[in-house]
Every structure is written in structure tokens, then in C-alpha cells.
2 protein chains.
Amino acid sequence: MARKLRGKGGEKAAERLREAGLRPTRQRLELAGLLFCDEDRHLSAESLHAEAQEAGIKVSLATVYNTLHQFTNAGLLRQVVVDAARSYFDTNIGDHQHFYCEGEGRLIDIPGDAIAVSGVPTPPRGTEIDRVDVVIRLRRA
Amino acid sequence: MARKLRGKGGEKAAERLREAGLRPTRQRLELAGLLFCDEDRHLSAESLHAEAQEAGIKVSLATVYNTLHQFTNAGLLRQVVVDAARSYFDTNIGDHQHFYCEGEGRLIDIPGDAIAVSGVPTPPRGTEIDRVDVVIRLRRA
DNA sequence: CAATAGATTAGAACAATTCTAAAGAAGATT
DNA sequence: AATCTTCTTTAGAATTGTTCTAATCTATTG
């Protein structure tokens with residue numbers, strides 16, 4: 001599953017962004033390189049920005065925020081809400097859930113085929129289910 | 001289940017706060033009156049503060065925040081994280097889960113005996129499960 | 001009722017995020 | 001390739017929800 005978006009020079013990534021209706025700009029391509037390069041990742045806007053700086057990528061924090069939201073709207077990322085103070089973005093967009101280490105602020109994936117939710121009532125009239133999120137909060141034993 | 005905390009003049013509420021190690025001050029008693037008066041409620045610090053103002057209760061926003069956190073630590077409230085932008089507090093501290101209307105910013109309780117989560121993997125070494133939170137995100141149909 | 005520990009307050013401070021308006025880059029059109 | 005239009009990026013300001021601070025006040029204890 002690694003290197004989902006990168007061909008030799010990023011043509012695949014560019015193509016994928018275009019399909020999503022996003023211009024393949026330098027900043028988006030470089031951020032996509034960080035995001036989708038290796039294994040699945042959980043990160044905040046701040047941490048991605050920091051990582052980009054270290055990698056010598058010239059990109060503003062505002063653009064990191066824009067890009068994360070655009071990628072999320074395009075279905076390339078999933079936003080995970082576990083903490084009122086910080087937003088996390090998950091590069092794993094498949095069916096899965098999370099452990100959350102309250103103290104550490106760390107997320108751990110739980111495969112979707114491992115976990116199941118049953119007995120969900122019919123949603124209120126005029127609404128339908130968008131997604132079922134399970135967060136298993138952990139504390140130090 | 002209504003009027004959990006209020007006797008005729010609030011003696012029960014005062015007693016309950018004392019048990020939790022909290023002095024039964026005017027502000028705490030009045031906020032408890034709003035919180036635990038009728039049915040179960042979901043509210044934010046801002047909305048409780050606004051409600052207090054309308055009810056003619058003289059209390060600062062800082063005290064509302066303090067009180068919500070103290071009540072939460074004392075187990076009288078439960079904090080629900082569904083939106084990165086706002087914190088919700090739930091007066092229902094029993095076993096249950098939530099529907100969340102993304103657009104409306106509204107929470108709806110799901111009784112704990114209706115819904116079940118199975119297949120939770122063993123938590124990582126050195127940690128234990130604190131709580132399993134299920135949030136069913138709704139969109140307009 | 002004085003002493004003390006704890007609580008409340010207004011406003012400042014803070015952190016995460018969003019907005020703004022100007023400058024820059026992509027893609028289409030000639 | 002020059003031009004035009006539209007989208008994108010940017011730095012910094014603004015906003016939002018929340019926490020902190022230091023002074024004042026209040027509930028409880030002796």
C-alpha cells in the first residue's frame with residue numbers, strides 16, 4: 001500500500017489531484033509526498049507544517065490548513081475528532097476505528113474488520129448516517 | 001429522574017456537591033439548578049453561560065468553565081468530543097452513546113443498552129480502556 | 001468573628017484555526 | 001510565447017474557544 005500517490009516524478013499524484021478538481025501545485029504535490037509516502041499516518045496541521053519545514057519545503061501554515069481541508073473534502077484524507085484542542089488527519093481512508101492515548105495524544109488504527117457496532121437505532125427523520133466513529137480512550141494501566 | 005439535585009431549597013444539591021469535595025457556593029448551586037433541573041441536556045460553556053445570564057444568574061464565563069470541569073471531574077457531567085471547535089457537556093452520565101447532527105451541532109442520546117461494540121482488540125501493553133465512545137454522524141438525507 | 005483556604009471575577013493571554021487582501025502560478029486562448 | 005482569467009499561496013491580522021492571572025470575595029473552621 002505504500003507510495004500510493006508517487007510515480008517516479010509525481011505524475012500519478014498530479015493526476016490524482018486533477019481528478020479531485022485540485023490543481024497540482026508545487027505545495028500540494030510536496031505535501032502529498034509527505035502525507036502519502038510511506039505507511040498510514042495521523043497528523044495535525046502544525047505537525048505537518050513542521051515536517052514540511054524540516055524537509056525544506058517552502059509552504060505557509062495557512063496553505064497547510066487549506067490543503068488538509070481540500071484533501072479531506074476530496075476524500076484523500078479523513079479528519080478524526082478525538083480531542084477538543086487539536087484536529088487530526090488520517091491518511092488511512094478505509095473502514096477503521098481508533099484507540100486514543102489520552103495522555104500521549106496518540107492515535108492507533110483498529111482495522112474495520114476487527115470491530116463492529118450493532119444495534120444502531122434508526123436515525124431521526126430527515127437525516128441519514130454519514131459515518132460511525134468509534135474512539136476507544138486509553139489510560140495508563 | 002428529573003430534579004436530581006434540587007430539594008425544596010437546594011439542600012440535596014449542596015449535599016451532593018460537598019460529597020464531591022466542592023463547596024456549595026451560590027454560583028455552583030445555581031448552575032447545578034440549570035444543569036440538573038429537567039431532562040438530560042447537552043450544552044457548551046458558552047450556551048450555559050448565556051442561559052445563566054438570561055435567568056438572571058450573576059456568574060462569569062470563567063466560572064462556568066471552572067464549574068463544568070469540576071463537575072466533570074466529580075463525575076456529575078460527562079464531556080463529549082464530537083467537534084474540534086466546541087466542547088459539549090452531557091448531564092447524562094450513564095452508559096450511552098450519541099448521534100451527532102453535523103450541520104445543526106446537535107447531540108442526541110442513544111441508550112447504552114441499544115448499541116453494542118464488539119471485537120475491540122486488546123489495548124496496547126501498559127494501557128487500559130477508559131471508555132468506548134461511539135459517535136454516529138448524521139447528514140441531511 | 002477572625003483566620004484561612006478555596007472560589008469568583010474581569011480582563012489579559014493563549015493556541016488553534018480562519019480570514020484578508022495582495023502577489024504569484026496554472027491552464028486556457030490567442 | 002504573450003496574455004488573460006481563475007485559482008492558489010502568503011504573511012499577517014482577526015477570530016474563536018478556552019485558560020490564566022492577580023485581586024477580591026466567601027464558605028468553612030477554630
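Only this structure's heavy atoms are used, side chains among them; waters, hydrogens and symmetry mates stay out. In what follows, chains are A, B, ... by sequence order, proteins preceding strands, each numbered from 1. What you see is a predicted model; the values in this text were computed from it and never measured.
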What is the separation between atom [atom1] on [X] and atom [atom2] on [N], rounded to the nearest whole Å?
X: A:L22; N: C:dG27; atom1: CG; atom2: P; result: 12 Å
X: B:N66; N: D:dT19; atom1: CG; atom2: P; result: 9 Å
X: A:I57; N: D:dT9; atom1: CD1; atom2: C1'; result: 15 Å
X: B:H49; N: C:dG11; atom1: NE2; atom2: C1'; result: 13 Å
X: B:N73; N: C:dG6; atom1: CG; atom2: P; result: 16 Å
X: B:L31; N: C:dA7; atom1: CG; atom2: P; result: 14 Å
X: A:L29; N: D:dT8; atom1: CG; atom2: C1'; result: 13 Å
X: B:L17; N: C:dT8; atom1: CG; atom2: C1'; result: 15 Å

**OP:** Report the nucleotide, chosen from C:dT9, D:dT9, C:dA7, that has the shortest atom-to-atom distance to any side-chain atom of B:R28.
**Re:** C:dA7
Ionic contact status for [Y] with [X], cut-off 4.0 Å:
X: A:R41; Y: A:E51; answer: yes
X: B:D133; Y: B:R78; answer: yes
X: A:R140; Y: A:E104; answer: yes

Subject >> Side-chain N or O of A:Q27 closer than 4.0 Å to phosphate OP1/OP2 of D:dT10 >> reply: yes
Original post:
Taking OP1 and OP2 of C:dT9, is either one under 4.0 Å from a side-chain nitrogen or oxygen of B:T63?
Top reply: yes
Subject >> Test item: side-chain donor near acceptor, A:Q27 and A:T67, under 3.5 Å >> reply: no
Subject >> Side-chain donor-acceptor contact under 3.5 Å, B:D83 with B:Y100 >> reply: yes
Subject >> Pairwise side-chain contact, A:R18 with A:R23, heavy-atom cut-off 4.5 Å (strictly under) >> reply: no
Original post:
What pairs meet the ring pair (Phe, Tyr, Trp, His ring centres under 6.0 Å) rule with one or both residues in residues 38-64 of chain A, with sequence neighbours excluded?
Top reply: A:H42-A:H98
Original post:
Just by protein heavy atoms under 4.0 Å, how would nucleotides 16-26 of chain C read 5' to 3' in B, S and -?
Top reply: SBBB------B
